[in-house]
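So that the names make sense, note that chain A is the first sequence line, chain B the second, and so on, each numbered from 1.
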Amino acid sequence: MRRIPAALLCLTVALGTAACGGDDADSKTAAKPTNCTNKIVNEAAPRVLVWAWYPNMAKVVDNFNNQHTDVQVCWTNAGQGQPEYEKFQTAISAKKGAPDVIMLEADQLVGFEIQDALVDLAPFGANDVKKNFSEGAWKDVSQGEAVYAIPVDGGPMALIYRTDVFDKYKIQPPKTWDEYAQAAAKVKAAGGPVFGDFGSNVPAVTTALMIQKGAQPFVYNLADKQKITIKLDDQATKDVLTYWGDLATKGLVGKEDQFTTDYIAGMVGGKYATYVSAAWAPGYLTGSGVGAGKDKGKFAVAPLPQWDPANPVSVNWGGSAFAVTSQAADKALAAKVAMGIYADDASLTDGWKTQTIFPLNQGVLKSDEFVNAKVDFFSGQTANKDIYIPAENAYKGAVYSPFTVFYYAQLQAQIVKILGGKTTGAQAATDLHNQIVEYAKSQGFTVS
Amino acid sequence: MALTLEAPPADVTNRTRRRVFKPAGWLFILPFLIVFVAFLLAPLLYAGYLSLYTKGLATGTTFAGFDNYTRAFGDPSFRKGLWFVLKFSVVVIPLQIVVALVAALVLDEVTGRLARFSRLVIFLPYAIPVVLGALMWGFLYSPSFGPIEQIAGAFDVRAPFLLSQGNIFYGLLNVVTWQWSGYYMIIIYAALRSIDSSIYEAARIDGANSRQIAVRIKVPMVSSALVLILIFSLIGTLQFFTEPQILGPIANGSVTPDFTPNIYAYYMAFRYAQFNYASAISFSLGFVVFLVVAVFTFATRKRGGLFS
Amino acid sequence: MRPRHVGAKLLLLALCGYFLVPVWWLLVASTKNAEGLFSGSGALWFNGFHLADNLRDLFTFNNGEFVRWLGNSVLYALAGGIGCTVISVLAGYGFAKYTFRGRNLVFAMVLGSVMVPLTALVIPTFVLMSNVGLIDTIWAVILPSLLSPFAVYLMRVYAAGSVPDELLDAARIDGAGELRTFVRVALPLMRPGVITVLLLSIVTTWNNYFLPLTMLSSSKLFPLPVGIGLWTQLASSNNAGGQSLWNLIIVGSLVSIVPLIVAFLTLQKYWQGGLSVGSLK
């Protein structure tokens, strides 16, 4: 009994001195990360700590470690998407605890760049791998000449649809959004299911669809970091919000959130005739049990409907990249990992064959095997060649704001309002614009 | 003031004897104090210090004094969340206490296998992590495969979705009542058990029936337990966080970033990189909690409780 | 049977029904495979029996990471629970049985501190832990869970009520030191209270979600609720590359509540006694 207080006293003294000592991170070499989820092949090599959530990450890490003697990846899944970003944000605020290399979605990069949390990879040879990626994919991870992440996968968007519903109601895949709305009305009038879904919790989709109509919500360059241009009350944004709001209030598309078990149950049960989604969707749906059993062979994919078929616009939803954090002890080594991991043939092939990713690496996008692959989920349709690769090649990249999470939350709130009949698409766009402008000003930006 | 403390109850002779100054007391509380300072007081002070600064994404950190606090109390989002938790407290706390009290009174009266079984079953949710409890209710509320919709479907009506904007108040009310009533029931039940039963005999001789004994004797005798429960559930409800946070992703946008003050602070700190303002929100909420509890303790002073 | 108890018993049955529904659902859902879960069959009744398969998948998925989380949970709950109990019992006894300068002030601070939401503490605690290199280690979870103002409060009231000063004085007259007096005389008298506090702090640590979520980033160190939380994230995005995780999440939830239920059942007569004191005095 007597020992316990003594031990605790020691601990507090330790806590106190260390905290008071104000040790700067540079003064001591970083400890070797332990607790890796993977096996370390080469014990002697320095380790780079990586946070990532790709489902086949275990294989990817093994591939990397087996091929490298000078560096080893120590990997952990610290959470998927938002939960991982929250951990990263905690580490940024505490100035400690971040990994060396982190998986981030493209729309999140600027928000961390502006906090000086990411390292510009251009000085570490990032431009050597630029040729592996399309212009749009590279633009998504760059700020002018600076490169803040190395892309791995992307999400060129397309229209997934149920062939049984389309056959039954005798409709063709819509080429334009007008046709989409007409088809929706036709199916509904004939007593069919809702045609799609306008979920409030996928603001990234809505934003992509706004951009497709010609909206340019943000103009921002980190080089001039206090200046931002916000344009959310333009006609394109209003039109897109109005279009989907109308479909939803007329009962032509559902109002449910996506990525929930309910939504999946709806997809399995044929509740939705189409799914406006990205190239990674077949993998997501297969993994959730959609397209199995009696639903087998009932899905196909068509190009995303257009506003102006003469000038088609390709947009992107999701996809991730590897960035190096500014807390990394050895930035050159971390950069080497960011550029090398998930970039070898074995990993990429495993990734696309298991439908874990839609790869952005041009080597894969141009390989015969990938181009001609018959996608099981689409009953053997050569979806890559016909739909996704052209969509990816036409993608021009997007510009994101440094407060994506805030913007998404506000957009979601407006969509909820539209769905509840409490506002119109046009009003929602105006309100959204004002909220975001006000927030940007409160954060010290000069808004134009 | 209600929060000043008296020595814990003991008989008068003890009290005089304990006046002797014994520094050994410090040694007994030292381990606790160390943990308390390290994991509560120090972080609190640091958070308090941080709350005096402000950080703009584009501009960096500057000293702001109490600006964050004036901003917080004028912030419609903070006020909206505060209003929600106050409203929620007014409904959920009496509801839980009534369920707990009625169950405890019945269990105190009825004996046998059913009573023993019920006591455990009612207490069971306490042993289930809040996160899992919320997850389970999320499944049960589900319109596609939850039983509520299925039962309603059997009668050919559409059940309301308990997490929709209009209904989430009730959806959460149910989850919280389910999770905590059993715990409160056990506290009241334990208090009931320790009442000397000869009091009941005397009342019975005077012609009181069971219900009268319950209302006139038992309830007043466990009132200090009730006050304790009230204060704890008040603190817990005003800091409402986990259940809405877990149910949020399946609630079709009903759980907004400013749903409760604690969720708002969480968003600020971990999603919007506004830790300074988040600290100020947390302290402002702490201040409101303190105020409400103090007012409440003052009002129920005679009954005893946590701070008497 | 006295007739007036019929109403009471019906009420009990109704209450049992209400409190059991989610648990019943969990039990039933644990026996379904992914297809059975989402096929829209009755949610409260069986549809195929795959409990054994689910359990096998649960314990083997991702090299058995669930087993690891289970082990972590046991470790955190025992270390945190026992440590917290020792500290709280000592402190409660100290507050109850000694008069010393600053006692009331300290006790008021302890109780008042409950009112500030944890959200404010996360980042400072993280900073503190990172300065001593303890983030993403088991200590980041165990050390903060040693703190429980409520347990101290409970033990203070309990010690005041159950340990007569005369006994302590008698022991001191016999020449026993303060610590010896505590261990030999006071502790046995406080046993039911100690067990109550032990159980309550084990439950609190076992159910802890927010603290380990923020302090740990290595999934190897996760306790059960955080691990299951990670699976839900995976399940609602793209699952495990072809394998549905929802049935594992459900059966995993079932497995993770069983130990606590067993603990409560076996130790019933102790903790119920201990709880009465906190409120009665």
Do C/L200 and B/Y183 have side-chain heavy atoms sitting under 4.5 Å apart? yes

Heavy-atom proximity to chain B below 4.5 Å, by part of C/L224: neither

Using heavy-atom distances under 4.5 Å, tell me whether B/L135 contacts chain C through its side chain, its backbone, both, or neither. side chain

Can you say whether the rings of C/Y93 and B/F28 are parallel (under 30°), tilted (30 to 60°) or perpendicular (over 60°)? perpendicular

Interchain contact, B/L33 with chain C, by part (heavy-atom threshold 4.5 Å): side chain

Taking all non-hydrogen atoms of both residues into account, name the closest pair between B/V121 and C/C16 and its distance. CG1-O, 3.7 Å

Over all heavy atoms of both residues, which pair between C/F19 and B/T177 is shortest? Give the atoms and the distance, please. CE2-O, 4.2 Å

State, with a plain yes or no, whether a side-chain heavy atom of B/L41 is found less than 4.5 Å away from one of C/M109. yes

Between B/A265 and chain C, with a heavy-atom cut-off of 4.5 Å, which part of the residue counts as in contact: side chain, backbone, both or neither? both

Residue pair C/L15 / B/V99, side-chain heavy-atom distance below 4.5 Å: yes

Side-chain contact test, heavy atoms from C-beta onward, threshold under 4.5 Å: evaluate it for B/I29 versus C/L90 and give yes or no. no

Could you tell me if C/Y18 and B/N174 have a donor-acceptor pair between their side chains, going purely by distance under 3.5 Å? yes

Side chain, backbone, both or neither: which part of B/I229 has a heavy atom under 4.5 Å from chain C? neither

Contact between B/F270 and C/I123 at the side-chain level, heavy atoms closer than 4.5 Å - yes or no? yes

Measure the shortest side-chain to side-chain distance between C/L260 and B/Y126 over non-hydrogen atoms and say whether it is less than 4.5 angstrom. no

Closest non-hydrogen atoms of C/I87 and B/F32, given as atom of the first, atom of the second and distance, are CG2-CA, 3.3 Å

Can you find a pair of side-chain heavy atoms, one from C/L147 and one from B/F36, that are under 4.5 Å apart? yes

Under 4.5 Å to a heavy atom of chain C? For B/W178 that would be both

Could you tell me which portion of B/P147 (side chain, backbone, both or neither) has an atom closer than 4.5 angstrom to a non-hydrogen atom of chain C? both

Turns out that what part of B/L140 lies under 4.5 Å from chain C's heavy atoms comes down to side chain

For a 4.5 angstrom cut-off between non-hydrogen side-chain atoms, does B/L132 reach C/P225? no

Tell me, for B/Y266 versus chain C, whether the close heavy atoms (under 4.5 Å) come from the side chain, the backbone, both or neither. both

For B/Y46 and C/P124, which heavy atoms make the closest approach, and how far apart are they? CD2-CB, 3.5 Å

Check each atom of B/L44 against the heavy atoms of chain C and say whether the ones under 4.5 Å are side chain, backbone, both or neither. both

Under 4.5 Å to a heavy atom of chain C? For B/I128 that would be both

Is it the backbone or the side chain of B/V288 that comes under 4.5 Å from a heavy atom of chain C, or both, or neither? neither

Where on B/F241 is there a heavy atom nearer than 4.5 Å to chain C: the side chain, the backbone, both, or neither? side chain

Among B/Q245, B/M136, B/R211, B/R193, which residue has the highest count of heavy-atom pairs closer than 4.5 Å to chain C? B/M136

